[in-house]
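Just below is one structure, and these are the notes that go with it.
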2 protein chains.
Amino acid sequence: MSAAAVFAEKGFHGSSTRDIAERLGIKQGSLYYYFKSKEEALGEVCLFGIEEYVHRMQDIAASDQPFEAKLMATVASHLSSYRERNEALKVYNDERLYLPEERRTRLKQLGSQYRRQLEGIFEQGKESGVLRPSVDCHFAAQAVIGLCNAWGDIIVRDPDTNVFDITQKCVDLLLNGFAERRKTTRTQ
Amino acid sequence: MSAAAVFAEKGFHGSSTRDIAERLGIKQGSLYYYFKSKEEALGEVCLFGIEEYVHRMQDIAASDQPFEAKLMATVASHLSSYRERNEALKVYNDERLYLPEERRTRLKQLGSQYRRQLEGIFEQGKESGVLRPSVDCHFAAQAVIGLCNAWGDIIVRDPDTNVFDITQKCVDLLLNGFAERRKTTRTQ
DNA sequence: CTAATGTTCTATCACTCTATAGAATTTCAC
DNA sequence: GTGAAATTCTATAGAGTGATAGAACATTAG
């Protein structure tokens with residue numbers, strides 16, 4: 001599944017089947033023993049990119065940890081997926097819209113499921129009193145995903161990034177923000 | 001400059017010069033009266049995408065507003081650029097890596113300048129005591145940019161999004177996080 | 001060894017692509 | 001109107017594209 005590296009580097013339309021074959025050490029025509037079409041190859045790369053962190057989210061959401069632990073686990077899982085599957089995740093993020101309808105909507109369902117489960121985690125955080133009642137859980141979930149993807153991009157480009165450090169800083173930002181706490185703070 | 005719409009929809013390599021010409025209402029060959037090459041057209045679209053918010057950042061950073069106002073102005077400027085120049089900004093974000101070396105590095109310089117100015121704003125926030133002393137200004141600046149880009153993507157796809165609402169929620173997240181303030185909070 | 005299966009190769013088809021050249025047309029100042 | 005400049009056209013070169021077909025080679029089971 002090393003087509004991922006080519007798609008990640010050159011984009012779907014910028015990658016010729018000859019490029020992909022060369023990376024695999026075979027000739028262009030031989031590709032079609034494995035793939036029915038170039039689009040099918042893209043679909044498999046995209047699915048490979050997200051399936052692991054989507055799957056891990058199932059476990060996190062279903063577990064009985066407190067809110068903070070679930071949030072930390074989510075961010076850690078998302079970011080470390082960028083370490084383990086960086087090319088495929090980049091391809092998923094940037095190229096999935098070039099997939100044929102049917103396959104794209106299947107992936108979109110996985111993405112929506114992930115986001116809804118994350119929203120559920122934030123709901124739990126509100127119910128348990130850890131989060132402010134005013135928190136918009138849809139906004140919060142999108143913010144987490146956006147933040148993880150942005151840092152994921154940076155992790156992909158710079159392999160020296162300390163993922164553990166970034167994870168902690170992201171969670172700290174999400175919980176506490178950057179501002180100093182004032183003495184006049186409204187307390188529940 | 002309506003090539004932006006085509007690049008945004010189909011990507012650089014996925015857009016043929018015929019596609020672009022058709023959108024402009026002219027024939028394919030006529031494009032080359034305006035552009036020396038397809039890559040040059042991409043370069044102009046990308047520059048158009050960011051030049052405004054990069055320029056506005058100059059003013060924000062140089063102004064003598066307090067930290068919170070600068071942060072709000074930055075987020076508002078970044079997000080509203082996604083309203084005004086959504087296609088070009090999407091192209092800048094997704095396709096700029098396909099530009100030839102020289103032009104790509106020029107754009108990278110603008111991006112780095114933007115980030116450094118934002119880091120400076122966070123430094124100011126620390127000095128004025130608004131931000132916690134432990135804040136990592138590089139992390140903070142990347143987080144702001146990542147958050148704005150993520151919400152920018154959503155704004156592009158859904159024109160009904162309330163940009164003002166998102167701006168406020170982003171700033172609230174960046175300053176205060178989602179967590180309830182505890183009575184036992186460490187105060188300076 | 002034989003036969004079957006799995007894998008890769010070569011060769012090719014039918015298109016599409018960017019870019020160029022030069023003719024045709026439009027626009028506009030005088 | 002006349003001539004010059006700006007703009008758009010047609011036609012084409014030359015290279016690259018994804019996909020297919022069938023031959024060639026490799027691997028394994030009996």
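Looking at residues two or more places apart in sequence or on another chain, you find a side-chain hydrogen bond (donor to acceptor under 3.5 Å, both in side chains) between S63(B) and Q65(B). Residues satisfying the side chain to side chain contact (heavy atoms under 4.5 Å, CB included) test with Q117(B), not counting sequence neighbours, are M57(B), Q58(B), A61(B), Q113(B). Every residue meeting the side chain to side chain contact (heavy atoms under 4.5 Å, CB included) condition with D136(A), not counting sequence neighbours, appears here in chain and number order: H138(A), F139(A), K169(B). Residues satisfying the side chain to side chain contact (heavy atoms under 4.5 Å, CB included) criterion with N162(A), sequence neighbours excluded, are F164(A), D165(A). Take E9(B) and apply the side chain to side chain contact (heavy atoms under 4.5 Å, CB included) test, not counting sequence neighbours, and it matches R23(B). Remark: E87(A) pairs with no residue by the side-chain hydrogen bond (donor to acceptor under 3.5 Å, both in side chains) rule, at least two apart or across chains. Not counting sequence neighbours, Q168(B) has no partner by the side-chain hydrogen bond (donor to acceptor under 3.5 Å, both in side chains) test. Not counting sequence neighbours, the partners of Y114(A) by the side-chain hydrogen bond (donor to acceptor under 3.5 Å, both in side chains) test are H78(A).
For L31(A) and dT7(C), the CG to P distance is 14 Å, given to the nearest whole Å. In this structure, CD1 of I26(A) is placed 14 Å from C1' of dT10(C), rounded to the nearest angstrom.
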Produce a footprint string for nucleotides 12-20 of chain D: one letter per nucleotide, 5' end first; B if the base is under 4.0 Å from any protein heavy atom, S if only the sugar-phosphate is, - if neither. -----BBBB
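Using a 4.0 Å cut-off between charged side-chain N and carboxylate O, E51(B) and R85(B) make a salt bridge. With respect to the salt-bridge test (charged N to carboxylate O, under 4.0 angstrom), the residues D153(A) and K90(A) do not qualify.
Side-chain atoms of K27(A) lie closest to dT10(C) of the nucleotides dT10(C), dT10(D), dT7(D).
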Under 3.5 Å, which N/O atoms of the protein pair with N/O atoms of nucleotides 22-24 of chain D?
none

Please list each protein N or O that sits under 3.5 Å from an N or O in nucleotides 4-6 of chain D, with the distance.
none

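Annotation: proximity of residues 97-104 of chain B to DNA chain C (heavy atom, distance under 4.0 Å) is found for no residue.
Looking at Y82(B) and N93(B), their side chains do bring a donor and an acceptor atom within 3.5 Å of each other.
The 12-atom threshold is exceeded at CD of E40(A), counting heavy atoms of other residues, nucleotides or ligands nearer than 6.0 Å.
Cation-pi check for R96(B) over Y92(B) is met; the charged atom lies under 6.0 angstrom from the ring centroid and within 45 degrees of its normal.
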